[in-house]
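Scroll down for the structure; my scribbles are underneath it.
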Amino acid sequence: MALSKRPAGPGLPETLLGADEIRRRVSGLAREIEADQPEGRELLCVGVLKGAVFFLVDLVRELRLPVAVDFLQTSSYGSSSEPGEVVIRRDLELPIRGRDVLLVEDIVDTGHTVETLLTTLRLRRPRSLRLCALLDKPERREVEVEIDYMGFTIPDRFVVGYGLDHAERWRDLPYVGVVEV
Ligand code: IMP
Ligand code: MG
């Protein structure tokens with residue numbers, strides 16, 4: 001494995017979760033997901049663009065299962081501090097009826113995004129539908145969400161890195177760090 005291109009340091013977001021810690025947890029999540037997936041059945045992993053891409057790629061490479069990958073993207077009307085209606089602005093390419101689907105998200109904050117996505121996907125009659133989120137910020141929750149596989153619970157801070165951005169910056173950080181917003 002190549003050395004991280006930008007380890008934590010001056011001028012960079014303060015580390016909340018280090019790259020090694022994330023790697024270990026992603027492996028742990030993969031083991032949990034494998035344990036729940038019936039033998040021989042393909043798992044369709046659906047990543048929420050763009051933040052979940054980095055996590056999804058690492059996760060599916062860890063999964064010792066037949067997997068397929070697809071993506072969708074949402075937009076939320078209203079500011080991030082005041083979430084409005086969540087709409088799917090780029091839909092899946094693949095049909096999910098009758099399939100085992102794992103929704104993969106970077107972070108569950110107020111819960112509106114995953115709640116809307118799960119409700120929408122459920123209407124398409126997948127065989128099973130589960131949620132895997134790298135991060136959970138429970139203090140900010142506005143709608144109840146059941147997270148089947150959760151990487152880390154974090155405090156109410158704005159985080160970046162490992163796919164998460166602030167105004168499109170910092171997605172490429174190999175760790176999760178805190179920024180003041
Ligand atoms: P929710 O609908 O409020 O749960 O928000 C989920 C979305 O808000 C996530 O998919 C992220 O794109 C974004 N988000 C929430 N908290 C953070 C954060 O701390 N850093 C970066 N993005 C965040
Ligand atoms: Mg997102």
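We count ligands from 1, going down the list as the structure has it; atoms in each ligand are counted the same way.
When non-hydrogen atoms are compared, ligand 1 lies under 4.0 Å from the backbone of R157 (N, CA, C, O) but not from its side chain. Residue-level proximity to ligand 1 for K137 is carried by the side chain, the only part with a heavy atom below 4.0 angstrom.
In the candidate list D109, I107, V86, I107 is nearest to atom 13 (C) of ligand 1, counting heavy atoms.
Ring geometry for F55 against Y162 counts as tilted: the plane angle lies between 30° and 60°, on a 0 to 90° scale.
Under a 4.0 Å heavy-atom criterion, G51 is not in contact with ligand 1.
Among residues two or more places apart in sequence or in another chain, the salt bridge (charged side-chain N to carboxylate O under 4.0 Å, His left out) test is passed with R41 by D100. In this structure, the side-chain hydrogen bond (donor to acceptor under 3.5 Å, both in side chains) partners of R124, at least two apart in sequence or on a different chain, are D91.
In terms of polar-atom proximity, L164 is not counted as a contact of ligand 1, lacking any N or O under 3.5 Å from an N or O of the ligand. Ligand 1 has no N or O atom lying under 3.5 Å from any N or O atom of F158, backbone or side chain.
Side-chain polar atoms of Q37 and R130 form a donor-acceptor pair below 3.5 angstrom.
Every atom of ligand 1 with a heavy atom of T113 under 4.0 Å away is listed here by number and element: 1 (P), 2 (O), 5 (O), 6 (C). When each atom of ligand 1 is checked for a heavy atom of D165 under 4.0 Å away, the hits are 21 (C). Interface atoms of ligand 1 facing T110, defined by a heavy-atom separation under 4.0 Å, are 1 (P), 2 (O), 3 (O), 4 (O).
Each of R24, R25, R31, R23 was checked for a salt bridge (Lys or Arg N to Asp or Glu O under 4.0 Å) with E62, and the lone residue meeting it is R31. Screening E180, E14, E139 against R157 for a side chain to side chain donor-acceptor pair (under 3.5 Å) leaves a single residue, E180.
Among all heavy-atom pairs drawn from V178 and P13, the shortest one is O-CB, 3.5 Å.
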